[in-house]
Amino acid sequence: MMPDFRTINATVFYAYQVCPREAWFYYHHINPAQDHELLDLGRISHEFSYQRDRKEIFVDNLLKIDLIRGELVAEVKRTSKHKRAARLQLAYYLYYLKHEKGLDFEGVLLFPRERKTEKVELTPELEGEVESLMKQMTPVLLAEEPPPAEKIKYCKSCSFNELCWG
């Protein structure tokens, strides 16, 4: 059984690329402490970057698009540490907008601290990757318990660290 496309928000989709356990927590509405230092840094980065363009647009209570410039959807990330996950999250936005809203956009990742940008185009290959990930995520997200905790290099900076490793 596949989770309804409209029940997986962009946070869950992004988190799955980094840690399936984290995605399971988000999917089941288990959120980290909001005063985590890196969450604060991310909020500050979003708040003070691209202030003139800043337009947080909510789509169906699933996507929070950082900004739209004409036909370009932009996602702002504090660092490029999880660039692949950020790229796939943006591809998820583009996929959703195309298939649920009939809108064709291109995307751009913005890393203001690093002064980097990366264009993202929803190619048939990237669409296939999004669809494949959705299918892969299904059994993990619908499971009654989260996947077992696995030590990865991002654990020590994760806002769920205490929950996983207490």
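Positions are given from 1 along the sequence.
- Side-chain polar atoms of Asp60 and Tyr96 form a donor-acceptor pair below 3.5 angstrom.
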Run the side-chain contact (heavy atoms from CB on, under 4.5 Å) check on Val120 and Val108 step by step: do they pass? CA-CA 6 Å; Val120 176; Val108 65; over 6 Å; no
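- At a threshold of 4.5 Å between non-hydrogen side-chain atoms, the residues Ile152 and Cys19 count as touching.
- Between the side chains of Tyr95 and Glu100, no donor-acceptor pair is found at a separation under 3.5 Å.
- Closest non-hydrogen pair, Leu163 versus Arg21, comes out as O-NH2, 4.4 Å.
- Without hydrogens or angle criteria, Tyr14 side chain to Asn9 main chain gives no donor-acceptor distance under 3.5 Å.
- Here the side chains of Ile57 and Ile68 are in contact, with some heavy-atom distance below 4.5 Å.
- For Arg87 and Glu75, the salt-bridge test fails: no basic side-chain N is under 4.0 Å from an acidic carboxylate O.
- One finds the CD atom of Gln17 at 4.5 Å from the CG atom of Leu133 (value rounded to the nearest 0.5 Å).
- When side chains are defined from C-beta on, Leu97 does not count as touching Asp104, because their heavy atoms never get closer than 4.5 Å.
- The two atoms that bring Leu122 and Ala91 nearest to each other are CD1-O, 3.9 Å, heavy atoms only.
- Here the OH-OG1 distance, from Tyr27 to Thr11, works out to 14.0 Å after rounding to the nearest 0.5 Å.
- Geometric assessment of Lys151 against the ring of Trp165 yields a positive cation-pi assignment under the 6.0 Å and 45° thresholds.
- No path of Ile, Leu, Val, Met, Phe, Trp and Tyr side chains, each step under 4.5 Å between heavy atoms, connects Tyr154 with Tyr16, placing them in separate hydrophobic clusters.
- Using the six-membered ring where Trp is involved, Tyr92 and Phe13 have ring planes that are parallel, under 30° apart on the 30 and 60° scheme.
- Between atom CG of residue Leu126 and atom CD of residue Glu121 there is a gap of 9.5 Å, rounded to the nearest 0.5 Å.
- A 4.5 Å side-chain heavy-atom check between Tyr26 and Pro32 finds at least one atom pair inside the cut-off.
- Of the inter-residue distances, the one linking Thr138 atom OG1 with Leu142 atom CG reads 6.0 Å to the nearest 0.5 angstrom.
- In this structure, Asn161 and Cys155 approach most closely via the heavy-atom pair ND2-O, 2.7 Å.
- Placement of Val18 and Met134 in two distinct hydrophobic clusters is found when ILVMFWY residues are connected by side-chain heavy-atom separations under 4.5 Å, directly or transitively.
- Judged by distance alone, with hydrogens and angles left aside, the side-chain atoms of Glu114 form a donor-acceptor pair with the main-chain N or O of Ser80 at under 3.5 Å.
- Atom-to-atom distance recorded for Phe105:CZ and Leu94:CG is 9.0 Å, nearest 0.5 angstrom.
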Could you give me the CA-CA distance, side-chain angles and deciding distance for Lys135 and Glu129, then say whether salt bridge (Lys or Arg N to Asp or Glu O under 4.0 Å) is met? CA-CA 10 Å; Lys135 289 176 186 161; Glu129 194 170 351; over 6 Å; no
Could you walk me through whether Lys98 and Leu103 pass the side-chain contact (heavy atoms from CB on, under 4.5 Å) check? CA-CA 5 Å; Lys98 178 179 179 179; Leu103 301 169; over 6 Å; no
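- Side-chain N or O atoms of His82 include none that pairs as donor or acceptor with a backbone N or O of Lys77 at under 3.5 Å.
- Arg113 places no side-chain N or O within 3.5 Å of a backbone atom of Thr79 that could act as its donor or acceptor partner.
- Atom CG in Leu90 sits 10.5 Å away from atom CD in Glu106 (nearest 0.5 Å).
- A salt bridge links Lys83 with Glu118: at least one charged nitrogen is closer than 4.0 Å to a carboxylate oxygen.
- When all heavy atoms of Ala74 and Leu110 are compared, the pair lying nearest together is CB-CD1, 3.8 Å.
- The number of heavy atoms from other shown groups lying within 6.0 Å of CD (Glu162) does not exceed 12.
- A donor-acceptor distance shorter than 3.5 angstrom exists from the side chain of Trp24 to the backbone of Ala143, with no hydrogens or angles considered.
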